[in-house]
Amino acid sequence: MEGSIPLTSLPGGLDLRATLESGQSYVWERADGAMYTGADDAWYHTVHDGEVIAVRQREDELVWQATTDADDRLHDRLRLDDDLPAIRATAPDDDVVDTAFDRYWGLRVVADPFFPTLISFICSTQMRVERIYQMQTALREAYGTPIEFRDRTHHAFPTPAALAAATEAELRDLGLGYRAPYVLETARQVDAGTVTRADIDGRPYETAREALTGYAGVGQKVADCVLLFSLSYLEAIPLDTWMQTLLADYYPECDRETYADTSRALRATLGGAYAGYVQTYLFHHLRTR
DNA sequence: TAGATACCTTATAG
DNA sequence: ACTATAAGGTATC
């Protein structure tokens, strides 16, 4: 099937490229492989619940081709119903925030599937964005179910059971390094139901963050990434090295002794309920300037 | 509880 | 060519 979604009526429109190449999502693959260097209207594809979805932005429409009707899925996954002007209105009106929003206006926080997001951010520690993509691609090709679509083989992200059946040596061979045992253990925890979505979803933000740290290789920062980019906790602000730089340069008064306290202070400064949205714009802006 | 350190691997700077 | 350093941190002591 194929179709298109008009973007003119969306509050704030869409910048698909900024959305998918800002280091928040590792489940979409750019078809031409030209991340950061190619054109703005590339095709991106993913496998979602066994269905292949390909999307491309053409001026004021989002064009898609898929093995199923992808309209609703794209609205959900790309948060097309978020009111960007309303979200921006909650952010501080200062130079760095204004510049970030102006530069990538139309960037939307994604709502990626849980397990791939969990694994990709366990892999993200001490790693550059470009290499995180490589690791996820390697995992998909090694353990994911292949699906043919339009003369191309796509790979679903591995199921928890499939990853749990891997060996640490295999994962190290894919370049995961010290993350290999974390990925393996977390896959086993998910597969066995040791920590479940019920322990996380719907809980208050900081409770959910604490629950996520029950997975191997998941500390507070990675937990915040999963909450923000998969579980729609839009107030979550992953405090990484870029946010530490931001803190020092622009909001030194928010610096505290612990992660939790700094998080609360910066969250308040960035506007509260949508602080994670603001963080995503800031992260992409800081990392690409 | 706070602080220090090891950890895989790769790319980049010097 | 080589070495040091850093990359969206976490676990452990």
Would you mind reading off the distance between [X] atom [atom1] and [N] atom [atom2], rounded to a whole angstrom?
X: A:Y178; N: C:dG9; atom1: OH; atom2: P; result: 8 Å
X: A:F283; N: C:dA7; atom1: CZ; atom2: P; result: 11 Å
X: A:L184; N: B:dC8; atom1: CG; atom2: P; result: 14 Å
X: A:E185; N: C:dT12; atom1: CD; atom2: C1'; result: 16 Å
X: A:L171; N: B:dT9; atom1: CG; atom2: C1'; result: 14 Å
X: A:L176; N: C:dA7; atom1: CG; atom2: P; result: 20 Å
X: A:E170; N: B:dC8; atom1: CD; atom2: P; result: 17 Å
X: A:D173; N: B:dC8; atom1: CG; atom2: P; result: 14 Å

Could [X] and [Y] be counted as a cation-pi pair, given that NZ or CZ must be under 6.0 Å from the ring centre and within 45° of the axis?
X: A:R152; Y: A:F149; value: no
X: A:R88; Y: A:W105; value: yes
X: A:R197; Y: A:F114; value: yes

Name the nucleic acid region contacted by [X], choosing base, sugar-phosphate or nothing; use a 4.0 angstrom heavy-atom cut-off, strictly under.
X: A:R172; value: sugar-phosphate
X: A:Q244; value: nothing
X: A:E257; value: nothing
X: A:Q24; value: base
X: A:Y26; value: base
X: A:S22; value: base

Please state whether the rings of [X] and [Y] are parallel, tilted or perpendicular, taking 30° and 60° as the class boundaries.
X: A:F283; Y: A:W242; answer: perpendicular
X: A:Y26; Y: A:F121; answer: perpendicular
X: A:H154; Y: A:H45; answer: perpendicular
X: A:F157; Y: A:F115; answer: perpendicular

Pick the closest DNA chain C nucleotide for A:F229 and for A:A216 by heavy atoms, then say which residue is nearer the 5' end. A:F229
Residue whose closest nucleotide on DNA chain C lies nearer the 5' end, A:V218 versus A:R179: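 Its nearest nucleotide being more 5', the pick is A:R179.
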Nearest-angstrom distance, P atom, B:dT9 to C:dA1: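 Each nucleotide's P atom is 23 Å from the other's.
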Taking the P atom in each of C:dC13 and B:dC8, what is the distance between them to the nearest angstrom?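 It comes out at 14 Å once rounded to the nearest Å.
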Got a donor-acceptor pair under 3.5 Å from the side chain of A:Y182 to the base of C:dG9? no
Counting only side-chain nitrogens and oxygens, does A:R131 get under 4.0 Å of the OP1 or OP2 atom of B:dT10? no
With a 3.5 Å limit on both atom pairs, tell me what B:dC8 is paired to, counting Watson-Crick and G-U wobble, or say none. none
Looking at DNA chain C, which of residues 119-130 of chain A put a heavy atom within less than 4.0 Å of it?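 Correct list: A:S124, A:T125, A:Q126, A:M127, A:R128, A:V129.
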Closer than 4.0 angstrom, basic N to acidic O: yes or no for A:R140 and A:E29? yes
